[in-house]
Amino acid sequence: MKYVTIIIVTYNSSQFINNCLNFLLSSDALSISRIIVIDNNSVDGTQELLQKFSNMSEITIIYNMKNVGYTKACNQGIMMSSSKYVLILNPDIQVGNGSVKRLYEYMERYDVAVVGGKLMYFDGKLQYSCRTFPSPLTFLYRALQIENNKTIRTHLMYDFDHGEPRDVDWLLGSCLMIRRKVLDEIGFLDEKYFMYYSDVEFCWRVHKNNWKVTYVPDSEMFHYYQRQSAKGVPGFLALSHLRSAVRFFVKRYIKA
């Protein structure tokens with residue numbers, strides 16, 4: 001029986017998706033999991049790379065006719081699944097052997113809503129993937145790439161021992177295992193967030209409904225991770241990030 005559905009959304013992910021799937025296939029994750037890949041009309045060769053996995057019984061691949069957005073594509077995968085847990089995984093993640101199982105085992109042991117593992121860069125450095133909820137001030141500091149004052153250190157949890165499990169405000173959506181019961185109770189990801197802040201908003205609703213979000217460092221994964229919206233002059237990604245942040249701040253500070 002497959003207890004976990006791994007949902008991977010691709011959009012021009014040819015640089016990463018081959019390794020992502022091969023690492024999953026060579027790990028022990030498939031003993032408890034199946035994989036659904038949703039492609040958002042990639043034009044960089046991603047779809048051609050996915051074709052070599054199309055005959056594998058462990059993997060279901062869906063090709064959208066247009067880019068419907070990251071959040072909506074995640075929800076497509078959730079709706080296609082019926083497993084006890086879903087694991088939303090970015091295509092630029094490489095799982096370690098046992099890392100998916102450790103998240104599953106933690107969920108089986110503790111009645112929490114969401115868990116995520118320890119994410120690391122490929123040079124072995126830690127990514128700060130568990131965080132306090134953002135504020136307009138933290139958003140401004142990060143947009144200006146001011147990364148080492150007290151406000152940001154608290155927000156990114158720089159001083160927390162990342163070797164210990166801990167209940168946190170939210171986890172990066174790059175790796176989120178979610179309990180089906182919680183999705184049924186509070187709803188799926190909010191599709192008003194095209195890409196950014198859907199993870200923040202979902203974890204915020206989890207807390208509003210008296211569930212927990214937990215960082216589980218025994219599950220280790222490598223994550224490429226680029227803050228694309230913070231690079232260069234404002235473009236679609238930066239504007240999308242800004243709109244999503246404003247939407248969340250209004251919901252949290254004004255409508256809550």
Side-chain angles (χ1 to χ4, degrees), residues 3-11 13 16-17 19-30 32-38 70-71 73-75 77-78 81 83-108 110 112-122 124-131 156-157 160 162-180 182-183 188-189 193 195-203 206 211-228:
Y3 300 99
V4 180
T5 302
I6 300 172
I7 298 167
I8 303 170
V9 174
T10 54
Y11 176 67
S13 306
F16 307 110
I17 189 59
N19 280 343
C20 177
L21 290 175
N22 280 326
F23 269 81
L24 280 168
L25 290 168
S26 63
S27 75
D28 59 0
L30 293 186
I32 58 166
S33 309
R34 62 181 290 244
I35 301 168
I36 298 176
V37 181
I38 311 286
Y70 174 79
T71 306
C74 284
N75 284 345
I78 294 171
S81 68
S83 53
K84 188 175 181 180
Y85 307 105
V86 297
L87 173 59
I88 296 173
L89 200 67
N90 273 16
D92 59 351
I93 291 242
Q94 292 181 9
V95 303
N97 197 43
S99 55
V100 174
K101 268 194 167 182
R102 290 186 189 106
L103 293 179
Y104 162 74
E105 288 166 354
Y106 194 95
M107 293 285 261
E108 287 287 278
Y110 301 102
V112 299
V114 179
V115 294
K118 178 192 286 186
L119 302 185
M120 295 175 293
Y121 295 100
F122 284 91
K125 291 182 180 178
L126 175 74
Q127 288 181 15
Y128 294 97
S129 59
C130 53
R131 304 176 180 183
L156 296 180
M157 300 178 67
F160 156 58
H162 286 76
E164 296 294 328
R166 176 168 168 170
D167 296 335
V168 297
D169 282 356
W170 69 287
L171 295 156
L172 286 184
S174 312
C175 170
L176 290 180
M177 185 175 286
I178 306 171
R179 189 178 298 274
R180 168 75 54 182
V182 174
L183 291 164
F188 292 2
L189 303 180
Y193 298 86
M195 178 177 179
Y196 299 106
Y197 273 73
S198 58
D199 46 5
V200 183
E201 192 277 340
F202 184 79
C203 290
V206 165
W211 284 91
K212 292 181 179 180
V213 176
T214 306
Y215 167 76
V216 182
D218 286 346
S219 173
E220 296 185 352
M221 304 183 187
F222 290 99
H223 183 208
Y224 185 74
Y225 188 50
Q226 295 186 95
R227 289 181 60 210
Q228 295 287 358

Distance (rounded to the nearest 0.5 Å) between Gln127 CD and Met120 CE: 9.0 Å
Short side-chain donor-acceptor distance under 3.5 Å, Ser83 and Arg34: no
Shortest non-hydrogen contact between Leu171 and Gly116, atoms and distance: CD1-N, 3.3 Å
Donor-acceptor pair between Asn97 and Ser27 side chains, under 3.5 angstrom: no
Where Gly117 and Ser129 come nearest, the two heavy atoms and their spacing: O-OG, 3.8 Å
Heavy-atom pair with the smallest gap, counting every atom of Arg179 and Val112: NE-O, 2.8 Å
Val114 and Val182: CA distance, side-chain angles, deciding distance, side-chain contact (heavy atoms from CB on, under 4.5 Å) verdict: CA-CA 9 Å; Val114 179; Val182 174; 5.7 Å; no
Separation of Ser33 OG from Leu24 CG (nearest 0.5 Å): 8.0 Å
Least distance between heavy atoms, Leu87 atom then Cys175 atom: CD1-SG, 4.1 Å
Asn75 CG to Ile88 CD1 distance, which is reported to the nearest 0.5 Å: 7.5 Å
Steps toward side-chain contact (heavy atoms from CB on, under 4.5 Å) verdict (Val216, Met177): CA-CA 11 Å; Val216 182; Met177 185 175 286; over 6 Å; no
Considering all heavy atoms, the nearest Val100-Ser219 contact: N-OG, 4.5 Å
Value rounded to 0.5 Å, distance of OH in Tyr128 from CG in Leu172: 13.0 Å
Partners meeting ring-ring contact (aromatic ring centres under 6.0 Å, His included) with Tyr85 (sequence neighbours left out): Tyr104
Step-by-step side-chain contact (heavy atoms from CB on, under 4.5 Å) determination, Val95 to Ile6: CA-CA 12 Å; Val95 303; Ile6 300 172; over 6 Å; no
Side-chain donor or acceptor of Arg180 paired with backbone N/O of Ser81 under 3.5 Å: yes
Nearest-0.5 Å distance that lies between atom CG in Asp92 and atom SG in Cys20: 8.0 Å
Derivation of the side-chain contact (heavy atoms from CB on, under 4.5 Å) call for Leu183 and Phe202: CA-CA 10 Å; Leu183 291 164; Phe202 184 79; 3.9 Å; yes
Those residues that, when tested against Arg166, pass side-chain contact (heavy atoms from CB on, under 4.5 Å) (two or more places apart): Met157, Phe160, Val168
Spatial distance of atom OG (Ser99) from atom CG (Asp218) [nearest 0.5 Å]: 11.0 Å
Side-chain (Thr71) to main-chain (Tyr193) donor-acceptor, under 3.5 angstrom: yes
Distance-only donor-acceptor check, side chains Tyr70 and Asn90, under 3.5 Å: yes
Pro217 and its side chain to side chain contact (heavy atoms under 4.5 Å, CB included) partner, picked from Glu164, Lys118, His162: Lys118
Leu119 side chain reached by Ile93 side chain, heavy atoms, under 4.5 Å: yes
Where Gly77 and Ile36 come nearest, the two heavy atoms and their spacing: O-CD1, 3.8 Å
Residue list, ring-ring contact (aromatic ring centres under 6.0 Å, His included) with Tyr110, at least two apart or on another chain: Tyr106
